[in-house]
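Quick notes on the structure that follows.
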Amino acid sequence: MLPNPLPLAANRTIRRGIVASAVVIAAALGATGRVLSQGMPAPPRTRLVAVSDSVHLEVVDWGGEGPTLILLTGLGHTAHVFDGFAPRLTSYLHVMGITRRGVGASSRPKNGYDTTTLVHDIVAVLDSLGLAKASFAGHSFAGSELSVLAARFPARVERLIYLDSGFDYRQMLDRIGVATALGSPQPPPATYHLPPWTVADWTLYAERSSGAGFPPSEVRQMSQVGPGVGPGDVIQGPVTDPEVLRAMLAGIEPAPLTAIRAPTLAIYAVPTSGEVMYPSWYAFDDSARAQGQRVYSAVSAEHAVQRARFHREVAGSRQVIITGARHYVFLTHPGEVANEILSFMLSK
């Protein structure tokens with residue numbers, strides 16, 4: 001679904017509207033569930049890779065053997081959003097991730113946030129790593145990058161996996177608008193504490209708002225964090241400038257779906273009601289439920305149109321629909337998503 005924008009608004013100092021819009025698209029945006037425990041995998045290796053004289057991107061390497069799979073994130077996220085999920089794949093794949101420009105530990109230039117430039121950044125990372133080609137899995141906003149990358153640089157793409165991102169985001173946002181998702185109701189604020197918010201407070205509010213159980217490493221990468229007076233580190237604000245997120249939204253280009261030739265898997269999360277879409281539905285008042293239902297209806301209808309178009313225009317693509325899942329489908333249903341990715345990646 002498009003949907004329940006994640007409340008990076010949990011910390012009142014974080015500008016609610018734009019970070020929520022990150023998650024809008026981050027949503028074509030929807031919501032998530034808790035990461036299942038897998039023990040304690042070794043922390044990933046990270047490095048900064050030059051994509052131009054002045055821009056370096058963070059590359060996260062979770063290791064593993066086999067074909068290379070590069071993970072691309074939703075809007076406003078760093079590659080560390082996959083820290084809990086990526087180890088599920090490393091027994092069979094070499095798994096890496098890229099944090100796009102303007103976000104987290106990557107460089108923050110004043111411009112270059114259109115789809116074309118972001119795709120050139122991905123190709124430059126391949127060149128820096130000495131990779132002739134790779135497979136890519138992209139969540140949410142990254143769907144636009146996957147489509148343009150595959151259409152314009154087919155020789156660099158082995159396989160494509162769309163994680164609730166097999167949409168034409170330009171068309172979708174022009175048709176239903178960012179404001180629709182930004183109108184999503186948020187959970188009532190907690191009554192047991194006052195700001196400032198700690199990392200734990202932020203994580204809990206985000207989970208109540210969108211169902212997302214992000215790894216602590218991701219919360220810290222997305223936020224400016226400082227020591228608190230009491231227990232827990234305090235969120236001081238977002239690392240990413242909200243203007244960068246606006247520029248990314250404005251810079252989304254139409255998806256050249258008919259030009260995609262790589263083998264393609266599209267995994268979709270399809271909430272079945274407003275109540276499923278919003279984890280805190282039980283706590284909403286009548287007004288919030290009415291607003292949530294309006295957003296759910298508009299988004300679910302548009303997503304159905306977009307899924308049909310993707311299936312029609314991407315020749316030979318395979319679709320997997322996970323009914324009842326939320327937008328961060330690799331977190332809500334990690335076992336199912338990992339199984340589908342491995343089956344697809346290791347097929348002949």
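Side-chain atoms are counted along with the backbone in the values below, which use heavy atoms only and exclude waters and symmetry mates.
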For a side-chain contact (heavy atoms from CB on, under 4.5 Å) check, start with the C-alpha distance between R309 and L257, then their side-chain angles and the critical distance, and finish with the verdict.
CA-CA 9 Å; R309 179 188 167 195; L257 299 180; 3.9 Å; yes
If you apply the rule side-chain contact (heavy atoms from CB on, under 4.5 Å), what do you find for E336 with I322, and how did you get there?
CA-CA 9 Å; E336 290 86 345; I322 303 182; 4.2 Å; yes
From CA spacing to verdict: salt bridge (Lys or Arg N to Asp or Glu O under 4.0 Å), D127, R156:
CA-CA 10 Å; D127 291 341; R156 310 305 298 268; 2.9 Å; yes
CA sep, side-chain torsions, deciding dist, call: V125, I122, side-chain contact (heavy atoms from CB on, under 4.5 Å)
CA-CA 5 Å; V125 169; I122 295 169; 5.7 Å; no
Given V295 and M277, is the side-chain contact (heavy atoms from CB on, under 4.5 Å) satisfied, shown in steps?
CA-CA 10 Å; V295 173; M277 181 171 162; 4.0 Å; yes
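Remark: F141 CZ to R100 CZ distance equals 5.0 Å, nearest 0.5 Å. With values rounded to the nearest 0.5 angstrom, S144 atom OG is found 7.0 Å from D168 atom CG. How far CG of L146 is from OH of Y162: 5.0 Å, rounded to the nearest 0.5 Å. Note that the CD1 atom of I70 and the CD1 atom of I161 stand 12.0 Å from one another [nearest 0.5 Å]. With rounding to the nearest 0.5 Å, the separation of CZ in R159 from CD1 in I341 is 12.5 Å. Annotation: the span from L149 atom CG to H120 atom NE2 amounts to 10.0 Å, rounded to 0.5 Å.
Note: Y296 and Y278 fail the aromatic proximity criterion, with ring centroids not under 6.0 Å apart. Here H303 and F310 keep their ring centres 6.0 angstrom or further from each other.
Of the N and O atoms on the side chains of Q293 and S297, at least one donor lies less than 3.5 Å from an acceptor on the other residue. A side-chain N or O of T78 and one of E218 form a donor-acceptor pair less than 3.5 Å apart.
For the residue pair W202 and W197, the shortest heavy atom distance occurs at N-CE3, 4.2 Å. S165 approaches G138 most closely through the heavy-atom pair OG-O, 2.8 Å. Among all heavy-atom pairs drawn from R307 and Q319, the shortest one is O-NE2, 3.0 Å. G104 and T240 get closest at one heavy-atom pair: N-OG1, 3.9 Å. Heavy-atom minimum distance, V276 versus R326: O-NE, 2.7 Å. Residues A250 and R170 share a closest heavy-atom pair of O-NH1, 3.8 Å.
Cluster annotation: F153 and M96 are assigned to the same hydrophobic cluster (Ile/Leu/Val/Met/Phe/Trp/Tyr, side-chain heavy-atom contacts under 4.5 Å, transitive). Cluster membership for F214 and L204, using ILVMFWY side-chain heavy atoms within less than 4.5 angstrom, is not shared. Clustering ILVMFWY residues whenever any of their side-chain heavy atoms sit less than 4.5 angstrom apart, transitively, puts V270 in a cluster other than the one holding V305. Both L89 and L163 sit in one connected hydrophobic cluster of ILVMFWY residues. Membership requires side-chain heavy atoms under 4.5 Å apart, directly or through other members.
Counting heavy atoms from C-beta on, the side chains of V314 and L160 never come closer than 4.5 Å. Between T73 and T99, the closest side-chain pair of non-hydrogen atoms is not below 4.5 Å. At least one side-chain heavy atom of M345 sits under 4.5 Å from a side-chain heavy atom of P67. At least one side-chain heavy atom of T117 sits less than 4.5 Å from a side-chain heavy atom of R101. At least one side-chain heavy atom of V148 sits under 4.5 Å from a side-chain heavy atom of P256. Looking at heavy atoms from C-beta onward, R220 lies in side-chain contact with D233 at the 4.5 angstrom threshold. Using a 4.5 Å heavy-atom cutoff, the side chains of L93 and L346 are in contact. Residues K133 and L126 fail the side-chain proximity criterion, which asks for heavy atoms closer than 4.5 Å.
Here the side chain of Q306 pairs no donor or acceptor atom with the backbone of G166 at under 3.5 angstrom. Without hydrogens or angle criteria, S135 side chain to L69 main chain gives no donor-acceptor distance under 3.5 Å. Panel note: side chain S106, backbone G102; no donor-acceptor pair is recorded below 3.5 Å. When atom types are taken as modelled, the side chain of R208 and the backbone of P188 share a donor-acceptor pair closer than 3.5 angstrom. With hydrogens and angles disregarded, a donor-acceptor distance shorter than 3.5 Å links the side chain of R261 to the backbone of T258. A donor-acceptor pair is defined here as one N or O able to donate and one able to accept, closer than 3.5 Å; no such pair exists between the side chain of E340 and the backbone of I267. Remark: the backbone N or O of T198 is paired with a side-chain donor or acceptor of D201 at under 3.5 angstrom. Without hydrogens or angle criteria, Q224 side chain to V239 main chain gives no donor-acceptor distance under 3.5 Å.
For Q171, the CD atom counts as densely surrounded, since its 6.0 Å shell holds more than 12 non-hydrogen atoms of other residues, nucleotides or ligands. Within 6.0 Å of the CG atom in D286, the count of heavy atoms belonging to other residues, nucleotides or ligands does not exceed 12.
For the ring pair (Phe, Tyr, Trp, His ring centres under 6.0 Å) condition, the pairs that include at least one residue of residues 329-348, sequence neighbours left out, are F82-F330, F85-F330, H139-F330.
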Sequence neighbours excluded and cut-off under 3.5 Å, please list the side-chain donor-acceptor pairs for residues 43-54, or say none.
residue	atom	partner	partner atom	Å
R45	NH2	D61	OD2	3.0
S52	OG	S54	N	3.4
S52	OG	V55	N	3.2

